[in-house]
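To start, the structure itself, in structure tokens.
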2 protein chains.
Amino acid sequence: MGIIRKTKSLKRVLDTFQKSDAAISVVQLIDNMKHHMNKTTVYRILDRLKQEGIVHSFHGKDGLKWYAKCSDHSSHQNTDTHPHFHCNHCGAVECLPIDIQIPDIPNLQISSAEVILAGICSKCNP
Amino acid sequence: MGIIRKTKSLKRVLDTFQKSDAAISVVQLIDNMKHHMNKTTVYRILDRLKQEGIVHSFHGKDGLKWYAKCSDHSSHQNTDTHPHFHCNHCGAVECLPIDIQIPDIPNLQISSAEVILAGICSKCNP
DNA sequence: AAATTTAATGCAACTAAATTGCATTAGCAA
DNA sequence: TTGCTAATGCAATTTAGTTGCATTAAATTT
Ligand SMILES: [Mn+2]
Ligand SMILES: [Mn+2]
Ligand SMILES: [Zn+2]
Ligand SMILES: [Zn+2]
């Protein structure tokens with residue numbers, strides 16, 4: 001595992017994540033890359049980057065897929081349960097560097113959690 | 001608001017929710033109803049039931065839409081932030097009657113939260 | 001009980017996200 | 001430079017969800 005060819009396409013996508021902490025939707029990323037690579041390629045690159053632990057994915061408030069860079073400290077591959085905030089006004093999504101406490105539930109073996117918070121972000125706030 | 005014709009189709013869908021507390025995916029519900037009504041009708045009935053506060057919706061771990069009956073006590077239309085559990089093994093989804101504490105985040109106005117937990121349910125457990 | 005009104009439905013066409021198969025290209029190591 | 005094969009492009013496909021419009025059937029009125 002871990003065999004990655006550093007193709008131009010991969011570098012370009014990787015760059016997007018390294019330049020900013022912001023999460024990006026697949027739809028948006030495909031659009032950003034449309035003059036440089038095929039959408040199928042974007043999907044496949046995201047798969048690889050995720051497998052390598054370089055990015056993580058989750059679903060935004062509308063069920064669409066988003067990706068964001070894994071921050072250095074939060075690379076606990078499995079137990080990375082930080083929440084995400086989706087702005088209802090501008091549509092931006094950000095990773096929140098906090099820990100949501102998931103209580104133990106009797107009879108349930110919880111192995112992962114997705115927490116998506118929605119509201120108004122700081123930029124859209126008065 | 002609240003004008004609802006008690007059509008045969010609506011009664012049939014309503015019955016599904018009243019007979020069980022389990023959540024059901026739209027995909028599954030459409031399949032269950034396929035001999036009795038059109039999928040468009042299912043979508044529209046779900047919209048109405050939700051508007052009436054009879055059911056609530058959320059996204060499962062794969063981003064698909066699920067619905068479940070609103071329990072009598074949890075009909076705080078807005079602040080209903082109970083989590084949902086999605087079994088990785090059998091695919092069942094259940095509403096969890098617990099409260100997840102969402103901490104205040106500086107600069108963010110959080111108005112809703114979706115918490116989806118994944119793992120192994122009691123039936124799939126040893 | 002018939003006529004009226006219009007919410008609700010069926011259906012086909014459509015949109016959009018995500019996936020797949022296959023021929024071609026380009027990283028990279030020998 | 002050559003050879004291997006991971007990676008890509010592209011077109012077709014799948015699937016969730018939506019829309020427009022003609023038709024049907026609840027509910028209300030006569
Ligand atoms: Mn994140
Ligand atoms: Mn629920
Ligand atoms: Zn915003
Ligand atoms: Zn299960």
Side-chain angles (χ1 to χ4, degrees), chain A residues 1-17 23-68 84 86 91 93 114 116, chain B residues 1-17 23-68 84 86 91-93 114 116 118:
Chain A
M1 68 189 97
I3 309 170
I4 284 193
R5 288 191 184 174
K6 289 275 177 70
T7 63
K8 287 174 188 170
S9 295
L10 184 132
K11 282 180 199 160
R12 189 163 240 129
V13 171
L14 195 51
D15 236 43
T16 302
F17 288 105
I24 186 167
S25 71
V26 177
V27 172
Q28 180 67 60
L29 189 60
I30 286 172
D31 193 65
N32 288 359
M33 298 290 157
K34 72 181 164 198
H35 298 305
H36 301 103
M37 72 194 75
N38 190 270
K39 68 172 175 172
T40 310
T41 303
V42 175
Y43 278 110
R44 295 195 271 223
I45 287 176
L46 289 172
D47 283 348
R48 270 181 280 153
L49 290 179
K50 186 178 175 183
Q51 240 181 336
E52 294 302 312
I54 296 167
V55 300
H56 60 284
S57 73
F58 54 93
H59 295 93
K61 67 187 172 72
D62 307 311
L64 297 194
K65 232 175 179 191
W66 288 70
Y67 282 83
H84 294 97
H86 197 153
V93 170
E114 232 179 84
I116 176 82
Chain B
M1 68 184 109
I3 307 168
I4 284 194
R5 288 191 184 175
K6 289 274 177 70
T7 63
K8 287 174 188 171
S9 295
L10 184 133
K11 282 181 199 160
R12 188 164 241 129
V13 171
L14 194 51
D15 236 42
T16 301
F17 288 104
I24 186 167
S25 70
V26 177
V27 172
Q28 179 67 60
L29 188 60
I30 286 172
D31 192 66
N32 289 359
M33 296 291 158
K34 71 181 165 198
H35 298 303
H36 301 102
M37 71 194 75
N38 190 270
K39 69 170 176 174
T40 310
T41 303
V42 174
Y43 279 109
R44 294 195 272 224
I45 286 176
L46 289 172
D47 283 348
R48 270 180 281 152
L49 289 179
K50 186 179 176 182
Q51 240 180 336
E52 294 303 312
I54 296 169
V55 301
H56 60 284
S57 73
F58 54 93
H59 293 93
K61 67 186 171 73
D62 307 310
L64 298 194
K65 232 174 179 191
W66 287 69
Y67 282 83
H84 294 97
H86 196 153
V93 170
E114 232 178 85
I116 176 83

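Proteins get letters first, then strands, A, B, ... in listed order; numbering begins at 1 in each.
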Checklist entry - Is there side-chain contact between B:M37 and B:V13, with at least one heavy-atom pair below 4.5 Å? => result yes

Checklist entry - Is there side-chain contact between A:F17 and A:L46, with at least one heavy-atom pair below 4.5 Å? => result yes

Item to check | Side-chain (B:D62) to main-chain (B:L64) donor-acceptor, under 3.5 angstrom | outcome: no

Checklist outcome for this item: Here the distance between atom P of C:dG10 and atom NE2 of B:H35, to the nearest Å, is 14 Å

Next on the checklist: At less than 4.0 Å, is any side-chain N or O atom of A:T7 found next to OP1 or OP2 of D:dA7? Yes or no.
Outcome noted: no

Checklist entry - What does A:K65 touch in the nucleic acid at a heavy-atom separation under 4.0 angstrom: a base, only the sugar-phosphate, or nothing? => result sugar-phosphate

Next on the checklist: What is the distance, to the nearest angstrom, from the CD1 atom on B:I4 to the P atom on C:dT9?
Outcome noted: 10 Å

Item to check | Along DNA chain C (nearest heavy atom to each residue), the more 5'-positioned of B:S9 and A:K11 | outcome: B:S9

Checklist entry - Looking at OH of A:Y67 and NE2 of A:H56, how far apart are the two atoms once the value is rounded to the nearest 0.5 Å? => result 11.0 Å

Checklist entry - For DNA chain D, whose closest nucleotide is more 5', that of A:K39 or that of B:L64? => result A:K39

Checklist entry - Taking NZ from A:K34 and C1' from C:dA17, how many angstroms apart are they, rounded to a whole number? => result 16 Å

Next on the checklist: Considering every strand and a 4.0 Å limit on heavy-atom distances, what is the contact class for A:T40: base, sugar-phosphate, or nothing?
Outcome noted: base

Report all side-chain donor-acceptor pairs from residues 23-33 of chain A shorter than 3.5 Å, counting only partners two or more places apart or in another chain.
from, atom 1, to, atom 2, distance (Å)
A:S25, OG, A:Q28, N, 3.0
A:Q28, NE2, A:N32, OD1, 2.8
A:D31, OD1, A:K34, NZ, 3.0

Checklist entry - Which nucleotide in the set D:dT8, C:dT9, D:dG17 lies at the smallest distance from any side-chain heavy atom of A:I45? => result D:dT8

Checklist entry - Reckon B:K6 touches a base, only the sugar-phosphate, or nothing at all at heavy-atom distances under 4.0 Å? => result sugar-phosphate

Item to check | Quiz item: B:R44 side-chain donor-acceptor pair to D:dG17 base, under 3.5 Å | outcome: no

Checklist entry - Can you check the A:N38 CG to D:dA12 P distance for me, whole Å? => result 13 Å

Next on the checklist: I want to check something: taking the side chain as every heavy atom from C-beta on, are A:I45 and A:R48 in contact at a cut-off of under 4.5 Å?
Outcome noted: yes

Checklist entry - Which of parallel (below 30°), tilted (30 to 60°) and perpendicular (above 60°) describes A:H86 and A:W66? => result perpendicular

Next on the checklist: Any base atoms under 4.0 Å from B:H59, or only sugar-phosphate, or nothing? Heavy atoms, all strands.
Outcome noted: nothing

Item to check | Among C:dG27, D:dA26, D:dG17, the one nearest A:K8 by side-chain distance | outcome: C:dG27

Next on the checklist: Please classify the nucleic acid contact of A:I30 as base, sugar-phosphate, or nothing, using heavy-atom distances under 4.0 Å.
Outcome noted: nothing

Checklist entry - Taking CD from A:Q51 and C1' from D:dA7, how many angstroms apart are they, rounded to a whole number? => result 14 Å

Checklist entry - What is the distance, rounded to the nearest whole Å, between atom CG of B:D47 and atom C1' of C:dA7? => result 14 Å

Checklist entry - Between atom CD of B:E114 and atom NZ of A:K61, what is the distance when rounded to the nearest 0.5 Å? => result 10.5 Å

Checklist outcome for this item: Separation of D:dA7 atom C1' from A:L10 atom CG, nearest Å, is 10 Å

Next on the checklist: Rounding to 10°, can you tell me the angle the first-five-pair axis of the helix from C:dA1-D:dT30 to C:dA30-D:dT1 makes with its last-five-pair axis?
Outcome noted: 30°

Item to check | Nucleotide nearest A:R5 when distance is taken to its side chain, options D:dA7, D:dG20, D:dG9 | outcome: D:dA7

